[in-house]
Amino acid sequence: MSSTVTSPARTIRIGSRKSQLALVQTYWVQEQLKKHYPDRDFEVQTMSTHGDKILDVALSKIGDKGLFTKELEVGMLNQEIDLAVHSLKDLPTALPEGLVLGCVTERENPADALVVHAKHQGKQLDTLPEGAVIGTSSLRRLAQLRYHFPHFTFKDIRGNLNTRLGKLDAGEFDALILAAAGLKRLDMSDRIHQVIPSEISLHAVGQGALGIECRGDDPEILDVLKAIEHSPTAQRCYAERAFLRELEGGCQVPIGVNTEIKGNSLILTGMVARLDGTSLIKDTVTGEATEAEALGVELAQLLRQQGAQEILDEIFAQIQR
Ligand code: DPM
């Protein structure tokens, strides 16, 4: 008699940064996977990334792609973990050889949000006083807000969400600009005073979505991840990422986007702005949602014809001193 030996399915190891937001996101992914594959085991392994360790330097001055992802990527390539959960906007558009974007999950509201100090309760961007100190370390937020509200003062801020809110409450800032999605995931939506309209601030590429990275030669994991992919979010984010990649922008450039799916169409808006807020180039393209990446490339070329490259070259020269 012959016997069949079936080896037990391997435990799937999920890598995560240690920040509170990263962990909330990773446990959410673990739970979704568990729902689809109740018989499989998923375990979470945490790692610190370079970006978690240097908290005192402005993001834009670090100038390193993959600041929040590299250690996790090394872990995947060394077979220590099988997949890594990232805020998609922190995942560079070019991934290391051997790794792929295995899936994109359903997006939260991708907009930026205004959080004000208690003394400005009820105020919004257009009612905050002249000279109000706005905390952000995003060049994208800085450039767009300067363009629309040149009378504010802008100050760098780093650290996790709680640290930032603590600095706001202590009176170091009059208001902060943060991703609505991050506040929502940490159950702090009540701190949002204004969801900033896209006419004022186009969000970062991939903002509000989670991107799960894995090895390209691991068909089993790629298949497992398909169950939690959200295809409309993925199409929008592929268009946004193609736009950013074509403009060769990293996470420290004043580039913003907005996408919308209507039927089979995808509408992509993108902008590039000068850091001092003196000029802002913005345009929109529409096409088939299935041609998402081509649309991103088309928009990048359109903005380049309108002078986007000159703005970017000027900024690269400034931040890579
Ligand atoms: C990137 C930026 C910021 C983060 C730059 C940008 C914001 C930095 C700052 C690429 N990553 O948005 O123009 O404002 O000081 C980050 C946040 C989230 C993921 C927090 C935030 C949560 C939201 C999400 C930091 N990465 O943007 O307030 O999942 O999209």
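Atoms within each ligand, like the ligands themselves, are counted from 1 in listed order.
- Heavy atoms of Arg164 come nearer than 4.0 angstrom to ligand 1 in at least one pair.
- When Ser19, Ala179, Ala113 are ranked by how near their heavy atoms come to atom 21 (C) of ligand 1, first place goes to Ala179.
- A salt bridge links Asp218 with Arg10: the closest approach of a Lys/Arg side-chain nitrogen to an acidic carboxylate oxygen falls below 4.0 angstrom.
- The closest approach between any non-hydrogen atom of Glu108 and ligand 1 is not below 4.0 Å.
- When heavy-atom distances to ligand 1 are checked against a 4.0 Å cut-off, Leu21 comes that close only through its side chain, counted from C-beta outward.
- Contacts between Arg141 and ligand 1, counted as non-hydrogen atom pairs separated by less than 4.0 Å, involve the side chain only.
- If you look at Arg158 next to ligand 1, there are no close heavy atoms at all, none under 4.0 Å.
- Summarising the contacts of atom 19 (C) of ligand 1 with Gly159, Ser137, Ser87, the nearest heavy atom is found in Ser87.
- Aromatic ring orientation, Phe149 versus Phe152: parallel (interplanar angle below 30°, classes split at 30° and 60°).
- With distances taken over non-hydrogen atoms, the option nearest atom 2 (C) of ligand 1 out of Lys89, Gln144, Arg107 is Lys89.
- Heavy-atom proximity to Leu178, at under 4.0 Å, picks out these atoms of ligand 1: 28 (O).
- In this structure, His193 contributes its side chain and Val116 its backbone to a donor-acceptor pair below 3.5 Å.
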Test log, rule side-chain contact (heavy atoms from CB on, under 4.5 Å), inputs Phe173 and His117: CA-CA 7 Å; Phe173 301 89; His117 186 272; over 6 Å; no
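- Between the side chain of Asn78 and the backbone N or O of Glu80 there is no donor-acceptor pair closer than 3.5 Å.
- Considering backbone and side-chain atoms alike, Gly208 places an N or O below 3.5 Å from some N or O of ligand 1.
- For the pair Arg245 (side chain) and Thr93 (backbone), a donor-acceptor distance under 3.5 Å is present.
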